[in-house]
Structures are given as structure tokens and as C-alpha cells.
Amino acid sequence: MQVQRIQNNNTAFCAKLNIIGGKLDKETIAVLSKNAEKIGSENDVIELNFSKIISNFDRHDYHTYQDISLINYMYNQFRQILNAKFIPNGNGKCTEEITDKIYALELEDVLQNQKNYAEKCLDKLSAKLGIN
């Protein structure tokens with residue numbers, strides 16, 4: 001039995017990061033891009049999709065608020081959904097997907113938490129793909 005030598009074994013990671021929505025500064029985007037590069041190959045794409053920020057005021061009228069408990073109202077005042085996808089070869093369907101929700105009392109807190117949640121999603125995606 002003969003063992004054939006493996007040629008052209010490309011183990012370089014360089015996945016591209018595609019951010020949709022969100023209000024991230026340039027420094028944060030650079031850090032997230034560097035983290036994304038560790039996850040996939042150069043043809044892979046990691047997509048971070050931030051939904052529109054929703055407030056309870058957008059979804060309900062005044063009379064609905066009279067029926068909701070204060071605690072429920074406080075914890076759900078502002079929310080945003082972050083969806084992270086791993087798309088092999090940058091086209092077609094994603095193979096792995098992570099969804100997380102950002103909750104905050106103030107709109108500014110949602111915007112500040114976007115970085116933390118994006119980093120957590122990349123970490124979860126990395127773990128799900130078996131990359132440490």
C-alpha cells in the first residue's frame with residue numbers, strides 16, 4: 001500500500017465579513033473582520049445582519065401598554081435581532097446560522113451592545129464550526 005503525499009494543502013483562513021445594518025465604527029469593523037478571517041477560507045463569507053431596531057412604541061398603541069406589566073415593558077422597550085451566517089464559497093445557502101437578540105432600555109444601549117453581540121455571534125459560529 002502506498003501513501004500519496006498531500007499537495008496544495010491550503011489551510012489559510014481569510015473569510016470575508018459582510019455587515020448589513022448596524023452602527024459599528026471603523027475600529028470595531030476591523031476587529032470583527034480580523035476575527036472572521038480566522039473562521040473560514042478566503043472564498044467563504046460570514047454575514048452579520050442587524051435588523052431594524054424595534055421599540056414597543058412602534059408595535060403597540062397606548063391602550064396596549066396599560067395591559068403590560070412594568071417589568072415586561074422595561075425589558076422589551078428596544079430590541080434588535082442579529083443574524084450571523086457562514087456561507088461557504090460566498091454563494092448559495094449558509095451552512096451554519098446563529099441568531100441573537102439585543103434588548104435594552106435605551107436606544108443608545110442597543111447601539112453600544114452591537115459590538116459585543118457581534119463578537120459573541122462570531123465566537124458561537126466558530127465553536128459551532130469546530131474552530132477554536
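It should be emphasised that the depicted structure is a prediction, and the values quoted were computed from it without experimental measurement.
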Could you state the interatomic distance from [atom1] ([X]) to [atom2] ([Y]), rounded to the nearest 0.5 Å?
X	Y	atom1	atom2	value
Lys34	Leu17	NZ	CG	14.0 Å
Lys93	Lys85	NZ	NZ	11.0 Å
Ile19	Ile46	CD1	CD1	11.0 Å
Arg79	Ile54	CZ	CD1	4.5 Å
Ile81	Lys52	CD1	NZ	12.5 Å
Leu32	Cys121	CG	SG	10.5 Å

Is there a donor-acceptor pair closer than 3.5 Å between any side-chain N or O of [X] and the backbone N or O of [Y]?
X	Y	result
Lys101	Gln80	no
Gln114	Lys23	yes
Thr28	Leu24	no
Asp44	Ser41	yes
Lys128	Ile98	no
Asp109	Leu105	no
Asn83	Asn49	no

Practice problem: Salt-bridge test for Lys124 and Asp100: reply yes if a basic N is under 4.0 Å from a carboxylate O, no otherwise. | Solution: yes
Would [X] end up clustered with [Y] when hydrophobic side chains under 4.5 Å apart are linked, directly or stepwise?
X	Y	answer
Leu48	Val45	no
Phe50	Ile87	no
Val110	Ile29	yes

Quiz prompt | Min side-chain heavy-atom separation Ser55-Phe78 under 4.5 Å | solution = yes
Practice problem: Would you name the heavy atoms of Ala36 and Leu122 that are closest together and state the gap between them? | Solution: N-CD1, 4.4 Å
